[in-house]
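So you know, we letter chains A, B, ... as the sequences are listed, proteins then strands, and number each from 1.
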Amino acid sequence: MKRQILKVNNSRELQPGIFIMTLDGDCSEISAPGQFINIRLDGFYLRRPISIYSYDTGFVTIIFKVVGQGTKALAEAERGDTFDVLMPLGNGFDLSKGASKPLLVGGGIGVPPLYGLAEAMVTAGTVPQVVMGFNSEKEIILTDEFRALGIEPVITTADGSAGIRGFVTDAMKDLEFDYVYTCGPEPMLKAVYDLAPDGQFSFEARMACGFGACMGCTCETKYGYKRICKDGPILYKEEIKW
Amino acid sequence: MKRQILKVNNSRELQPGIFIMTLDGDCSEISAPGQFINIRLDGFYLRRPISIYSYDTGFVTIIFKVVGQGTKALAEAERGDTFDVLMPLGNGFDLSKGASKPLLVGGGIGVPPLYGLAEAMVTAGTVPQVVMGFNSEKEIILTDEFRALGIEPVITTADGSAGIRGFVTDAMKDLEFDYVYTCGPEPMLKAVYDLAPDGQFSFEARMACGFGACMGCTCETKYGYKRICKDGPILYKEEIKW
Amino acid sequence: MVDLKVTLSGITLDNPVIPASGTFGYGKEFAELYDLDILGSISFKGTTRDARLGNPLPRIAECPCGLINSVGLQNPGLDAVCEKELPELGKLYHKPLIANISGFSPDEYAACAAAMDKQAQVGIIEVNVSCPNVHNGGMAYGVLPESAAEITRTVKAVTSKPVYIKLSPNVTDIVSIAKACEEAGADGISLINTLLGMRIDINRRKPVIANKMGGFSGPAIFPVAVRMVYQVANAVSIPIIGMGGVSSARDVIEMMMAGATAVQVGAANLVNPFACKEIIEQLPCVCEELGIEKLADIIGIVK
Amino acid sequence: MVDLKVTLSGITLDNPVIPASGTFGYGKEFAELYDLDILGSISFKGTTRDARLGNPLPRIAECPCGLINSVGLQNPGLDAVCEKELPELGKLYHKPLIANISGFSPDEYAACAAAMDKQAQVGIIEVNVSCPNVHNGGMAYGVLPESAAEITRTVKAVTSKPVYIKLSPNVTDIVSIAKACEEAGADGISLINTLLGMRIDINRRKPVIANKMGGFSGPAIFPVAVRMVYQVANAVSIPIIGMGGVSSARDVIEMMMAGATAVQVGAANLVNPFACKEIIEQLPCVCEELGIEKLADIIGIVK
Ligand SMILES: Cc1cc2nc3c(=O)[nH]c(=O)nc-3n(C[C@H](O)[C@H](O)[C@H](O)COP(=O)(O)OP(=O)(O)OC[C@H]3O[C@@H](n4cnc5c(N)ncnc54)[C@H](O)[C@@H]3O)c2cc1C
Ligand SMILES: Cc1cc2nc3c(=O)[nH]c(=O)nc-3n(C[C@H](O)[C@H](O)[C@H](O)COP(=O)(O)OP(=O)(O)OC[C@H]3O[C@@H](n4cnc5c(N)ncnc54)[C@H](O)[C@@H]3O)c2cc1C
Ligand SMILES: Cc1cc2nc3c(=O)[nH]c(=O)nc-3n(C[C@H](O)[C@H](O)[C@H](O)COP(=O)(O)O)c2cc1C
Ligand SMILES: Cc1cc2nc3c(=O)[nH]c(=O)nc-3n(C[C@H](O)[C@H](O)[C@H](O)COP(=O)(O)O)c2cc1C
Ligand code: FES
Ligand code: FES
């Protein structure tokens, strides 16, 4: 982990209330998709944790949804503004888990880190299947980006306005897979858990430090207490207590 | 009083740690020299009161000294930055007090509002005498500006590095005057009070609101309790209890 | 249209937003900026029997997210308030007022309450029990259940207007004090008053405030205020006026969800004189966002 | 060269800056960022007899200028701390540590203190009396002079190391509690622990924290901490470790002028992991600005 000053290179609205922002700076320490960064915002005491969508040594791109005052302030940042960021944080996804038919399942704003994962998998020679669920058509993001990787994502919407009407689990029933990588709201993770033979699950928690110091985010696993920020945010199916 | 958004037009260091800054915006309500503005600074709960140095309907110029974290932040503002400002505040000097030989006495960062007063007096047809005291040469400001008004200010420095060695009162002894307008640190005001036949004194106090609501700045005068921010900052000699 | 009305002891307010005592004077300065009649009510500056200059200067110290004041109950005294300030305020504001009163003895509280009882403009008497008991060791009336109850009874005996006791947060057990006031006949509870705080001027090596310590308020104290409102709301059945750090429409809603029927705004008025106006304007919009049709429905909704 | 040394009960620290218990774990995460040996000492995460998972999630709520935590004393328990954490910390930090201990009964305090007494690395035992007394109504030991004194005596009986009692600020009269601890034999006082606070998630209409209320800390509480340090310093003659919202070298100096011999930094470490390092680096420069040659000279200089 380092504290970096990152500079906004560009930011734009992907869908109403959903922004994509590229931040320039030393990002050479990022080691795996699924890691996150923790952003200090003027006027807010706690940093805001946001997953890495894509990255290279000199930049990191994030996708975030405005849900409160902090993300609202973040969305108002302009090109050239700088942020004090702690990064990289968390363990990230482990691609080395041998699997012949991996499936990536993302829900809403949980989709972006899976794109980084898919990119890494494709580079490593495996083309994963992807299911992504949204509430409605107006929230769908990254379809074209996945296609550019050679993946046709299966889309579900709760209101049926696009793709399959229903939840990601409705789409999963028709697919074959032996390992699942997933990120999204906790009820979705739980539902995916029930259908996944094995896999990696990305969790969220309210965090104070984000780097393992405060025990603000600890949950119990089969292998003991784990800090979602430091020992996670990715937990393995076998350790999750559900 | 109005709340205005003022934009920094320019700012520069006059002397080490002393800045002059012009802020653009609607300043049409300013009605008298000696009034002040109250500036909100990001990250500080209370506003910072700063006297008006000069003004017109579309701008106000202030001169301030960096003495703490707030004035430090103010000094770091750049052209184009904006501030939320309450203005104008306070009663200001009353020029209408008939006096044949008015004297203006300023101490350190108390000099700037007297410049605005001198300008107004000159416009109104009276050229006042001016005494200004500083700790040392490195703090002297506004000499040329007073000269441009046709006034040769008498300068005193505590360390003798320029002008008369000593305090403003040492210079006052050699002058003839029948009315004094003064602004500066309280011990100076008190010393001037003892030498002034009559006059107006500009006070400072730690303020919360700056517009008369909280009673945070009240002092006792011969005519009752007065709020320095609203009933002052200018008090008349006859009412001061010293 | 969102319904913003709330009712305190039979008095219906157009909205729950009330400037807090001591941060709004008698409204004059604010009336130059906006129409005071938009306010739910006004709790005017604390009245004592005799005129008080208050404490020596400096009386104000800045803090992270707040300020300390040691104004020391400066006010022109009961007679001047009733004869001069209230008539003047009456021209600017036409709804029932909250009369905040203070005292350094039960007699003084009684005198203030009896006089306010006669003022037609006054809807509610709000009794500040954070003042030190000068006849009894200087401890504030509000820090012990017994003395808070004593003042409650004293005031109730001389007025038929609703009496709200305004509690100090500087106590181990706010609930026992609130309950004692309820049992003694209080019609409602106002809380919180300021936290006792101190700042030091490290350049001068002296306390910033001439009186050394003072009352700390502003956004910094909001989490303490929400906690106490929540605790008291769950322990008493009289209405609560919540305050402490409220600065936005969202803060008002949070206070109400914690259990407040109405909400006072203090320090925020001092740094943004339009604070109450802006909050009242934003309330309908924030309510809509949150699916609130009737603001009164959310009072104490968090269990 | 400014002399930053201060002495706590015979233990001389290179500087007064100490990470506060619960905000620095066992130092591991910070050792990746800077050399821990620059620190005056370290107060490590509060130890209880048995391992504790702590409270359910969410445990963290943001506040204006601070945060609420309800970690609930998560720790691996006394044995694991002594056998695993302390040896590991010993590799990263080579000066006397402050062992923060907690308990839900006098026995538990005694067990923790006795074990810490045997640890050569431990210089001072810091006794957190903010925990609820589970055998006696759940009120925290630290809110009554008698129970705080009882725990002091219990701990003193089983250790020869200096014992510092860490007080809760959620009390009416901090001075009487500090004095009771001093009389019961405490070697020093640490204060303040967190203020009890609460936030509500107005979207979900639920407390943010699963446990509803939690401990509020950060810059917001600094004025309360300075006030309490000042009050206690003027009432006891044992040294004080001051804390509560300290985030800068200037804050350290303000705490010391109020009466603290050393200063702990808590929440600041969480939002800026370099906080302690930066404070230590800035101290000499700020001291020079203020004309301080020997930091120990300013302890309690404000009367
Ligand atoms: C590891 C991790 C990765 C994340 N990645 C993304 C991402 O890529 N894109 C994205 O849009 N969001 C992401 N989130 C959620 C994001 O952190 C929250 O939406 C954001 O913190 C909300 O801040 P706010 O000020 O707008 O909301 P507010 O509700 O005003 O925030 C108040 C407090 O609650 C915290 N908080 C609120 N919601 C959440 C949440 N869901 N998770 C954690 N803390 C929360 C805030 O951080 C803040 O401390 C991630 C969260 C975590 C823990
Ligand atoms: C009516 C009035 C007019 C003023 N005009 C000028 C001016 O023209 N130029 C100028 O340089 N200064 C002026 N001052 C003083 C100026 O307000 C302070 O220097 C400034 O507030 C210090 O802020 P700080 O954050 O740098 O200092 P800090 O000491 O960090 O401030 C802490 C708090 O104390 C207050 N404070 C500190 N010093 C003073 C002071 N001397 N007077 C009032 N409040 C203070 C601050 O406003 C703040 O609330 C004036 C003050 C008043 C009351
Ligand atoms: C300058 C000032 C003066 C105050 N005077 C009084 C008073 O006279 N009577 C009273 O009951 N409370 C008084 N208070 C307390 C406020 O009414 C309020 O309870 C407290 O400030 C908390 O609210 P806030 O955080 O919104 O300011 C005063 C507060 C301030 C800041
Ligand atoms: C996340 C967190 C965990 C804490 N855990 C403990 C603890 O285990 N024992 C203890 O005595 N104090 C604990 N505290 C209190 C701090 O040590 C400190 O007293 C308090 O936070 C005030 O300091 P601050 O404002 O600098 O954070 C904890 C505080 C935080 C924020
Ligand atoms: S947020 Fe501090 S340990 Fe995870
Ligand atoms: S500062 Fe509020 S009345 Fe003067």
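- From L57(C), atom CG reaches atom CZ of F203(B) across 11.0 Å, with rounding to the nearest 0.5 Å.
- Atom CG of D56(B) sits in a crowded spot, with more than 12 heavy atoms from other residues, nucleotides or ligands closer than 6.0 Å.
- A208(B) approaches I60(C) most closely through the heavy-atom pair CB-CD1, 3.6 Å.
- Screening Q69(B), R47(B), R48(B) for a side chain to side chain contact (heavy atoms under 4.5 Å, CB included) involving E62(C) leaves a single residue, R48(B).
- Using a 4.5 Å heavy-atom threshold, the side chains of N203(C) and V67(B) count as separate.
- At most 12 heavy atoms of other shown residues, nucleotides or ligands fall within 6.0 angstrom of atom NZ in K7(B).
- Here CZ of R52(C) is found 9.5 Å from OH of Y225(B). Values are rounded to the nearest 0.5 Å.
- For the pairing with R59(C), the side chain to side chain contact (heavy atoms under 4.5 Å, CB included) check across M215(B), M207(B), R206(B) returns one residue only, M215(B).
- Chosen from G25(C), P273(C), G218(C), the residue pairing most often with chain B at heavy-atom distances under 4.5 Å is P273(C).
- Contacts with chain B were tallied for F24(C), Y26(C), F30(C); F30(C) has the most, counting heavy-atom pairs under 4.5 Å.
- Between E32(C) and K2(B), the closest side-chain pair of non-hydrogen atoms is not below 4.5 Å.
- In the displayed structure, K206(C) atom NZ is contacted under 6.0 Å by at most 12 heavy atoms of other residues, nucleotides or ligands.
- Under the 3.5 Å distance criterion, with hydrogens and angles disregarded, no donor-acceptor pair is assigned to the side chains of R40(B) and N272(C).
- For K138(B), the NZ atom counts as loosely surrounded, since its 6.0 Å shell holds 12 or fewer non-hydrogen atoms of other residues, nucleotides or ligands.
- Around the OH atom of Y34(C), the shell of radius 6.0 Å holds more than 12 heavy atoms that belong to other residues, nucleotides or ligands.
- Contact annotation for A267(C): both backbone and side-chain heavy atoms come within less than 4.5 Å of a heavy atom of chain B.
- No more than 12 heavy atoms of other residues, nucleotides or ligands shown are found within 6.0 angstrom of NZ on K72(B).
- Crowding of R204(C) atom CZ: a count of heavy atoms from other residues, nucleotides or ligands under 6.0 Å exceeding 12.
- Your options are C219(B), A205(B), C217(B), and the one with the most heavy-atom pairs under 4.5 Å with chain C is C217(B).
- Interface check for chain B: of the options N269(C), L67(C), N69(C), the most heavy-atom pairs under 4.5 Å are formed by L67(C).
- Residues Y45(B) and P219(C) form a side-chain contact, since some pair of their non-hydrogen atoms from C-beta on lies under 4.5 Å apart.
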